[in-house]
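Quick notes on the structure that follows.
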Amino acid sequence: MNAEDFPTPDADVESVTPETLKSRIDDGESVTILDARMSGDYEEWHIDGENVESINVPYFHFLEDELDADIIADVPDDREVTVLCAKGGASEYVAGTLAERGYDVHHLEDGMNGWARIYETVEVTDYDGAGTLLQYQRPSSGCLGYLVYDGGEAAVIDPLRAFADRYFDDADELGVDLKYALDTHIHADHISGVRELDAAGVEGVIPAAAVDRGVTYADDLTTAEDGDTFEVGNVTIETVATPGHTTGMTSYLIDESLLATGDGLFIESVARPDLEEGDEGAPDAARMLYESLQERVLTLPDDTLIGGAHFSDAAEPANDGTYTAPIGQLVEEMDALTMDEDDFVETILADMPPRPANYEDIIATNLGQNTVDDEEAFTLELGPNNCAASQESLAGD
């Protein structure tokens, strides 16, 4: 149903912005959420957290002439409840229906679509290279990106198409020119913003090793070979080939301080190896990942920070609020990084989560083989990223 198709409840219902809800959760407040989406959508993707109580009651139950008391038995009447849905229409109706019955409720503006538009920046304070390094965080999907700036210039790594304008706004606010937009690989969970930024005057960069997957626009962008460098003020960004998650997976070493690993290594897990060649090719890809980690990543100094392109609910942020960690710490906490090759392959193939929703269409779009407008692109990438090898943290085990 569309928002305008829902009856108008007699009770007035206040709304809360996604940013306000996120702040309350971050501040440690106890938050109770009634998610009125269909159960399948809820199970695939919902707002969670240590201080979040989440209840799923699909909206259609509230359209009955007589609301079944058993249906709302789990909805608490002794505290405030935030009702949400996909876009904000159903939740306003459901909240109004509950308000008529005396519940303390409000609803989330724009629903999960609004939640997906939250994009935060946090400075990586442990970064000790030249310039300043920021981490972009998208809590709805766990997507991470990076902006490094120095000497009036900036580069963004793993930009999202949905936030292309945001990078320019941030550069303007910082008083710098956006010089480069670099992708670590052909993403399977979100639509890349590199082409949009390149079309707007930024030099777009993709890994040369990714071109053979069928990239249709490679001649229009810069292709980065292993060992290539890009200068941003006094910052040097070095290209480091780290295949495994994909054959073209590439990391970027930012001024010898932080390795932006894309989907090769996360602070709580390693990459899943099945998104390019499927289950059949996953064992070989896992062995390729093992070699990349052992020979290209773990050979860096222990104090080199790792910053992936994603984080999961199992990830614990550093003291500065970023999802980064020194290599030495990850080696101590993640047994997979000290296993022999056979045990490593067995471990990461054992518990892979479901593949990202719409991943085949997203890959085709990122290759340039499929054309979608901004709304379609945004809709394609809604949901969790699921790019790690395990549904649980591999760190600290």
Side-chain angles (χ1 to χ4, degrees), residues 1-25 31-49 52-64 67 71-72 75 80-100 103-120 137-143 160-166 189-191 193 356-359 361-362 365 372-386:
M1 293 179 67
N2 295 321
E4 58 270 17
D5 295 331
F6 286 93
T8 302
D10 292 333
D12 291 330
V13 178
E14 293 186 357
S15 63
V16 60
T17 66
E19 292 78 11
T20 298
L21 179 62
K22 176 68 164 48
S23 294
R24 291 178 58 196
I25 294 173
V31 172
T32 302
I33 293 174
L34 171 59
D35 194 318
R37 293 175 300 149
M38 301 299 287
S39 297
D41 295 330
Y42 173 82
E43 290 168 3
E44 178 181 315
W45 178 51
H46 60 270
I47 299 174
D48 207 351
V52 176
E53 179 186 2
S54 182
I55 304 159
N56 178 223
V57 183
Y59 71 88
F60 64 82
H61 290 294
F62 294 85
L63 295 173
E64 301 292 338
L67 183 58
I71 293 299
I72 59 172
V75 181
E80 185 180 63
V81 176
T82 301
V83 185
L84 64 81
C85 62
K87 299 180 180 179
S91 61
E92 184 174 15
Y93 169 74
V94 170
T97 302
L98 289 171
E100 290 173 351
Y103 287 82
D104 181 9
V105 292
H106 55 216
H107 80 104
L108 184 66
E109 284 184 12
D110 300 322
M112 291 299 282
N113 280 14
W115 186 252
R117 294 193 184 280
I118 298 177
Y119 202 46
E120 301 176 317
Q137 301 175 355
R138 190 183 194 186
S140 65
S141 62
C143 287
L160 309 183
R161 173 172 163 177
F163 299 96
D165 291 342
R166 169 70 177 275
D189 68 304
H190 67 258
I191 308 301
N358 304 316
Y359 80 100
D361 289 334
I362 292 173
T365 302
V372 296
D373 61 28
D374 288 345
E375 184 176 350
E376 290 173 304
F378 182 78
T379 301
L380 274 177
E381 62 189 23
L382 292 175
N385 64 74
N386 288 347

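Fair warning: this is a prediction, and the values are worked out from it, not measured in the lab.
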Output for pair (Leu98 CG, Leu67 CG), nearest 0.5 Å, gives 7.0 Å
For Pro58 and Ser39, the nearest pair of non-hydrogen atoms, with its separation, is CG-OG, 3.8 Å
To the nearest 0.5 Å, atom NE2 of His46 lies from atom CD1 of Ile33 at 9.0 Å
Review point. Does the side-chain contact (heavy atoms from CB on, under 4.5 Å) test come out yes or no for Ile25 and Ile47, once each step is laid out?
Key: CA-CA 10 Å; Ile25 294 173; Ile47 299 174; 3.9 Å; yes
* Is there side-chain contact between Cys143 and Leu160, with heavy atoms separated by less than 4.5 Å? -> yes
Does the side chain of Tyr42 reach to within under 4.5 Å of the side chain of Ser54, using non-hydrogen atoms? yes
Smallest heavy-atom separation, Arg117 atom then Phe163 atom, equals O-CE2, 3.4 Å
Taking every heavy atom of Val16 against every heavy atom of Leu21, the minimum-distance pair comes out as CG2-N, 4.2 Å
By salt bridge (charged side-chain N to carboxylate O under 4.0 Å, His left out), Glu53 pairs with (sequence neighbours left out) Arg79
Between Trp45 and Ser141, is there a side-chain heavy-atom distance shorter than 4.5 Å?
no
Residues Ala90 and Cys85: closest non-hydrogen pair is N-SG, 3.6 Å
Considering only NZ, NE, NH1 and NH2 on the basic side and carboxylate oxygens on the acidic side, decide whether Glu381 and Arg161 come within less than 4.0 Å.
no
Residues passing the salt bridge (charged side-chain N to carboxylate O under 4.0 Å, His left out) test with Arg24, sequence neighbours excluded, are Glu29, Glu80
Distance col, row Thr97:OG1 vs Leu63:CG, nearest 0.5 angstrom, shows 8.0 Å
* Give a yes or no answer on whether the side chain of Asp110 reaches the backbone of Gly88 with a donor-acceptor pair at less than 3.5 Å. => no
So CZ of Arg138 and NE2 of His190: to nearest 0.5 Å the spacing works out to 8.5 Å
Are any non-hydrogen side-chain atoms of Asp189 and Tyr359 less than 4.5 angstrom apart? no
- Taking the side chain as every heavy atom from C-beta outward, state whether Tyr103 and Val81 have any pair of such atoms under 4.5 Å apart. no
Are Leu84 and Trp115 packed together at the side-chain level, in the sense that at least one heavy-atom pair is separated by less than 4.5 angstrom? no
d(Leu380 CG, Asn358 CG) to nearest 0.5 Å is 5.0 Å
*asked:* Counting only heavy atoms from other residues, nucleotides and ligands, does the tally under 6.0 Å from NZ of Lys87 exceed 12?
replied: no
- [ ] Give a yes or no on whether the backbone of Gly89 and the side-chain of Glu92 come within a donor-acceptor separation of less than 3.5 Å.
- [x] no
One should read off an interatomic distance between Arg37 CZ and Glu43 CD, to the nearest 0.5 angstrom, of 10.5 Å
- Do the side chains of Phe62 and Tyr93 get nearer than 4.5 Å, heavy atoms only? yes
